[in-house]
Peer 1: 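Once you've had a glance at the structure underneath, I'll fire off some questions.
Just so it is clear, the model here is predicted, and its values are computed rather than measured. Just so it is clear: chains get the letters A, B, ... in the order the sequence lines come, proteins before strands, and each one is counted from 1.
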Protein chains: 2
Amino acid sequence: MDAVPVWLRERRTGVGRPAERSRAEVTAAAIALADREGLAAVSMRRVAAELGTGAASLYRYVDSRDDLLDLMTDEVAAGYRLPEPGGPWLAGLLEVCRQGRELMRRHGWLPELVLTRPALGPHGADLLEHVLAVLAGHPAGAGRKLEAFGVMTTLTAALALHERGPGAGQRQGAYLGHVVAAGRHPHLTAALAGGPLAPAPDFEDTVARVLTGLLGSR
Amino acid sequence: MDAVPVWLRERRTGVGRPAERSRAEVTAAAIALADREGLAAVSMRRVAAELGTGAASLYRYVDSRDDLLDLMTDEVAAGYRLPEPGGPWLAGLLEVCRQGRELMRRHGWLPELVLTRPALGPHGADLLEHVLAVLAGHPAGAGRKLEAFGVMTTLTAALALHERGPGAGQRQGAYLGHVVAAGRHPHLTAALAGGPLAPAPDFEDTVARVLTGLLGSR
DNA sequence: CTCATTCGAGAACACTGTTCGCGAACACCG
DNA sequence: CGGTGTTCGCGAACAGTGTTCTCGAATGAG
């Protein structure tokens, strides 16, 4: 039950045969593969093939596939371009969410990972540090601020997941049409009357309202 | 590209050899297995063994494993005991969230499913209908209300996932301790000073603040 | 040069979801 | 009663999967 995260397990250097690759290279290969063919395509064998090596070799850099997924998540978080904290906190948080959404648009597999296995690596810690810096002047307690961080990332991921491709929400739409036709759901029928479904009015507006509710408006 | 949800694919009865089991039985077996050994244990072979049959037989009731997962999600939604709509809308929504959390506590695999493949079956439609009924007197538009429904369920699932077992958040805690020790993250250090980590102050309070921000306070 | 130590990776194990095909079981019809 | 059309059950097989074992090869240190 060590439960030691990947990022602490460093390799001892200097002695023995040197590694031909780095953990960063493995992570990059996995990300490239996921970008191209989706998360399901990220198998140890496929990632290894991407690097021109054997599947078993990857276990020199990573303890398990799950570790590799954590590395991928944190590596993408390196893509944030965080401005100097300052100014109203809501604007600062919205900027973080905006960039997060952009990253998730670029890496369609990210939302699923963020939602199901939230991992805080070095870059994730930097991100959290930035959010806390933005909220430095805010009177809320530490618990509230950490909570806000979690809700921010979760909400961004969930919204990104729903707008990814036309498949996600639309599949339910087909069945809901059937439900409406059955006639037993008057409110649902009324809600779906104007426009078949419009669950994503405005990303930033939604996030802003949630964060305002969570932390107050001042 | 039919994308027909599971719930529409009904079996024609009367002709041919009658089925020995029902879709509901298969779903129940899968749920029992997931409750006992987790979602990863829900393989076609294991579910079939639970029913004393062969894996291939399940495909007479379900087109794929993913379909089975959708059936499981919706079946659990049958467990809601929804009161007659009436009274303040916030209390009505909070009651839904409270029950949702309870269902997710009882079925530890549910949050992951709700987050990654939100499926609206018959019982999910009933739930949505109820939420819309609770919000019937609210001035917000249909889009806003559907959005609130999505945020409600997502947030409940995310919070349930984080408090499931001591493994989820604590694993990151170990690494964050290391980050703090490095000394480069002053705000993070300060935030984690009082109590190692307290990201879940009060479920209902959190949800209430988010919903208030989303829909206003009146 | 020796040697402890590390890396690379083929082979194997125990699984997985899914498809094929065939025999068995039933409802209906003449 | 005997077809006959149709569905169901499911063993076998296929193409994968994550992971471990194992052993040879490569290296820096002494």
Peer 1: Tell me which residues in residues 22-43 of chain B lie within less than 4.0 Å of DNA chain C, going by non-hydrogen atoms.
Peer 2: B:Val42, B:Ser43
Peer 1: Could you list all N or O pairs between the protein and nucleotides 1-4 of chain D that sit under 3.5 Å apart?
Peer 2:
none

Peer 1: Run the salt bridge (charged side-chain N to carboxylate O under 4.0 Å, His left out) test against A:Arg106 and tell me which residues pass, sequence neighbours left out.
Peer 2: none
Peer 1: Assess whether side chain to side chain contact (heavy atoms under 4.5 Å, CB included) is satisfied between B:Leu215 and B:Leu135, documenting all intermediate values.
Peer 2: CA-CA 10 Å; B:Leu215 292 169; B:Leu135 288 174; 3.9 Å; yes
Peer 1: Can you list the steps and then say if A:Arg21 with A:Arg60 is a side chain to side chain contact (heavy atoms under 4.5 Å, CB included)?
Peer 2: CA-CA 10 Å; A:Arg21 275 162 280 270; A:Arg60 296 285 175 189; over 6 Å; no
Peer 1: Between A:Arg65 (side chain) and A:Val42 (backbone), is there a donor-acceptor pair under 3.5 Å?
Peer 2: yes
Peer 1: Shorter than 3.5 Å, N or O on both sides, protein versus nucleotides 24-26 of chain C: list them out with atom names.
Peer 2:
residue	atom	partner	partner atom	Å
C:dA24	N3	B:Arg17	NH1	3.2

Peer 1: Report the distance from atom NE2 of A:His123 to atom CD of A:Glu75, rounding to the nearest 0.5 Å.
Peer 2: 5.5 Å
Peer 1: Using a 4.5 Å cut-off on heavy atoms from C-beta on, say whether the side chain of B:Tyr80 contacts that of B:His130.
Peer 2: no
Peer 1: In Å, rounded to the nearest 0.5 Å, how long is the span from CD of A:Glu20 to OG1 of A:Thr53?
Peer 2: 7.5 Å
Peer 1: Any cation-pi pair here, B:Arg98 with B:Phe203, using under 6.0 Å and within 45°?
Peer 2: no
Peer 1: Kindly indicate whether the side chain of A:Arg209, heavy atoms from C-beta on, has any atom under 4.5 Å from the side chain of B:Arg144.
Peer 2: yes
Peer 1: For the pair B:Asp74 (side chain) and B:Gly124 (backbone), establish whether a donor and an acceptor sit closer than 3.5 Å, ignoring hydrogens and angles.
Peer 2: yes
Peer 1: Under 3.5 Å, sequence neighbours excluded: what are the donor-acceptor pairs made by side chains of residues 152-159 of chain A?
Peer 2:
residue	atom	partner	partner atom	Å
A:Thr153	OG1	A:Phe149	O	3.2
A:Thr153	OG1	A:Gly150	O	3.0
A:Thr154	OG1	A:Gly150	O	2.9
A:Thr156	OG1	A:Met152	O	2.8

Peer 1: Could you check whether any side-chain N or O of A:Glu25 sits under 3.5 Å from a backbone N or O of A:Ser22, counting only pairs where one atom can act as donor and the other as acceptor?
Peer 2: yes
Peer 1: When the distance from CE of A:Met44 to C1' of D:dT20 is rounded to whole Å, what number comes out?
Peer 2: 12 Å
Peer 1: Going by heavy atoms closer than 4.0 Å, what residues in residues 45-68 of chain B are next to DNA chain D?
Peer 2: B:Arg45, B:Thr53, B:Gly54, B:Ala56, B:Ser57, B:Arg60, B:Tyr61
